[in-house]
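First the structure, which I've put down as structure tokens, then a few questions once you've had a look.
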There are 2 protein chains.
Amino acid sequence: MTTGRATPAEDACTNAPPLTALSGPVSHAVSRVARLHRTAAGKALKGVDLYPGQELLMMHLWDRGAVRQTELIRALDLDPSTVTKMLQRLEQTGHVRRRPDPADRRAVLVEATDESCALHTAVRDAWGSLEEQTLAGLDPAERTELLRLLAKVEENLCRETADCPDRC
Amino acid sequence: MTTGRATPAEDACTNAPPLTALSGPVSHAVSRVARLHRTAAGKALKGVDLYPGQELLMMHLWDRGAVRQTELIRALDLDPSTVTKMLQRLEQTGHVRRRPDPADRRAVLVEATDESCALHTAVRDAWGSLEEQTLAGLDPAERTELLRLLAKVEENLCRETADCPDRC
DNA sequence: AACTTTACCTTGGTCGGCCAATTAATGGGC
DNA sequence: GCCCATTAATTGGCCGACCAAGGTAAAGTT
């Protein structure tokens with residue numbers, strides 16, 4: 001099998017019977033949709049001085065006020081180091097302020113700056129239109145069905161991964 | 001409003017009426033599912049010497065044999081620079097080989113190395129079980145429905161973003 | 001009180017992604 | 001034949017995300 005020529009693309013490896021797009025249709029779809037969605041979010045947030053991902057953190061701060069970093073880590077389900085670095089950048093761009101927690105000298109309290117509040121509505125609108133764009137052409141029944149199925153999938157992935165002590 | 005205590009979390013900003021989780025339910029769900037899915041893929045690929053994202057590129061190479069980089073860029077819908085860097089790393093780890101395209105001196109032909117073919121089935125199995133884990137508890141009708149809705153969403157995001165000259 | 005464990009955060013490194021700008025080769029119009 | 005637009009890749013810089021290790025402070029044990 002090493003010397004035969006066959007069709008140019010075939011037998012590159014073992015004479016593989018199946019093909020990419022069929023091996024995990026939903027998995028592939030999730031990947032693509034996620035990246036497209038993130039890109040779209042990035043564009044929607046273009047004029048807001050926020051990078052995709054930061055808006056979720058800011059939303060949480062706008063909603064909950066001053067919180068300690070651990071809370072963000074749990075709420076956004078991110079790695080601690082990720083949050084640290086995001087906050088460093090957000091602090092540098094003036095969207096966030098950090099101060100030591102008087103009640104626990106290990107902890108840090110984080111809150112949105114007053115200036116950042118100007119972005120609040122802009123972000124809300126951006127996410128609104130993003131949601132609308134995402135769901136265009138889906139009737140209400142389909143939307144709730146999609147949400148239900150995604151929730152189920154999320155639970156599947158979360159449970160089996162088993163790194164969610166309390167979120168599930 | 002600076003001195004009042006109110007509820008601890010409220011009025012951090014404008015007295016915002018709505019709240020994070022409600023602003024874009026599907027968008028949030030997509031984000032979370034995507035990250036969980038990616039993490040799960042990473043774990044499944046842990047013993048395979050591949051990082052999440054690389055497996056899709058390799059799958060394409062295994063399926064199609066030697067292709068030029070442009071084809072990967074279009075097939076995976078990634079930025080050219082992303083593909084370049086991924087290939088540099090994959091080349092360094094010995095999974096991929098690059099050689100100049102004799103027909104076009106600008107282009108580069110990429111193909112999976114023979115060694116990488118050992119991973120072929122492992123990756124296929126990993127994605128198979130990942131797919132199964134993702135869809136656990138969904139009956140066939142729900143699966144096809146999910147797939148259909150995701151395709152619709154993908155088209156929405158792809159069309160409006162309008163950076164897909166031919167893919168849509 | 002002294003020791004051990006646990007919790008909170010940071011640092012350094014690596015990857016996948018994007019954008020902007022560059023180089024090099026091809027191809028079309030004239 | 002010559003110039004110019006197009007296409008193929010690369011480089012550098014940035015961000016989100018992860019892991020592994022480290023340092024400090026709090027809580028629990030004995």
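We use all heavy atoms of the structure for the numbers below, so side chains are in, but hydrogens, waters and symmetry mates are not. Below, chains carry the letters A, B, ... as their sequence lines are ordered, and counting in each starts from 1.
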Test side-chain contact (heavy atoms from CB on, under 4.5 Å) applied to L146(B) and L150(B), step by step: CA-CA 6 Å; L146(B) 176 57; L150(B) 284 178; 4.0 Å; yes
Going by atom types only, do Q54(B) and H95(B) share a side-chain donor-acceptor pair under 3.5 Å?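 Their side chains do not contain a donor-acceptor pair, so the 3.5 Å distance test is not met.
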Can you label the angle between the W127(A) ring and the H37(A) ring as parallel, tilted or perpendicular, going by 30° and 60°?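 Perpendicular.
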I want to check something: taking the side chain as every heavy atom from C-beta on, are V108(B) and R68(B) in contact at a cut-off of under 4.5 Å?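 V108(B) does not reach R68(B) side chain to side chain.
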Protein and nucleotides 3-5 of chain D: nitrogen or oxygen contacts under 3.5 angstrom:
none

Under 3.5 Å, which N/O atoms of the protein pair with N/O atoms of nucleotides 12-17 of chain D?
{"from": "dG12(D)", "atom 1": "O6", "to": "K85(B)", "atom 2": "NZ", "distance (Å)": "3.2"}
{"from": "dG13(D)", "atom 1": "O6", "to": "K85(B)", "atom 2": "NZ", "distance (Å)": "2.5"}
{"from": "dG16(D)", "atom 1": "OP1", "to": "Q54(A)", "atom 2": "NE2", "distance (Å)": "2.6"}
{"from": "dG16(D)", "atom 1": "OP2", "to": "R89(A)", "atom 2": "NH1", "distance (Å)": "2.9"}
{"from": "dG16(D)", "atom 1": "O3'", "to": "R38(A)", "atom 2": "NH2", "distance (Å)": "3.0"}

With distance as the sole test, does E55(B) use its side chain to make a donor-acceptor pair with the main-chain N or O of G53(B) at under 3.5 Å?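 Such a contact is found between E55(B) side chain and G53(B) backbone.
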Hey, is R143(B) close enough to E132(B) for a salt bridge, meaning N to O under 4.0 Å?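 Judged by the 4.0 Å cut-off on N to carboxylate O distance, R143(B) and E132(B) do form a salt bridge.
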Any side-chain to backbone donor/acceptor pair from T134(A) onto L130(A)? Under 3.5 Å, distance only.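 Checked: pair present.
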Please report the interatomic distance OG1(T113(A)) to CZ(R98(A)), rounded to the nearest 0.5 Å.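 Rounded to the nearest 0.5 Å, the OG1-CZ separation comes to 13.5 Å.
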Could you list where the contact with chain A starts and ends along DNA chain C, reading 5' to 3', using a 4.0 Å heavy-atom cut-off?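 Contact span on the strand: dA7(C) to dC18(C).
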Could you tell me how far apart R105(A) (CZ) and dA26(D) (C1') are, to the nearest whole angstrom?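 Taking atom C1' of dA26(D) as the reference, CZ of R105(A) is at 10 Å.
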Salt bridge flag under 4.0 Å for residues E145(A) and R148(A):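 Yes, this pair counts.
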For L72(B) and dA8(D), what is the distance between atoms CG and C1' respectively, to the nearest whole Å?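 Answer to the nearest Å: 13 Å.
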In whole Å, what is the span from the CG atom of L87(B) to the C1' atom of dA9(D)?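 L87(B) atom CG is separated from dA9(D) atom C1' by 11 Å.
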Please give, in whole Å, the distance from dA9(D) P to D101(B) CG?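 About 8 Å, once rounded to whole Å.
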For N156(A) against L135(B), the heavy-atom pair lying closest together: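 Here N156(A) and L135(B) meet closest at ND2-C, 3.8 Å.
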Has the side chain of R106(A) got a donor or acceptor atom sitting under 3.5 Å from an opposite partner on the base of dT24(D)?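 Answer no: no donor N or O sits under 3.5 Å from an acceptor.
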Is any side-chain heavy atom of S116(A) less than 4.5 Å from a side-chain heavy atom of L61(A)?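 A side-chain contact is absent here, since even the closest heavy-atom pair is not under 4.5 Å.
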Please classify the nucleic acid contact of T84(A) as base, sugar-phosphate, or nothing, using heavy-atom distances under 4.0 Å.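 Base contact.
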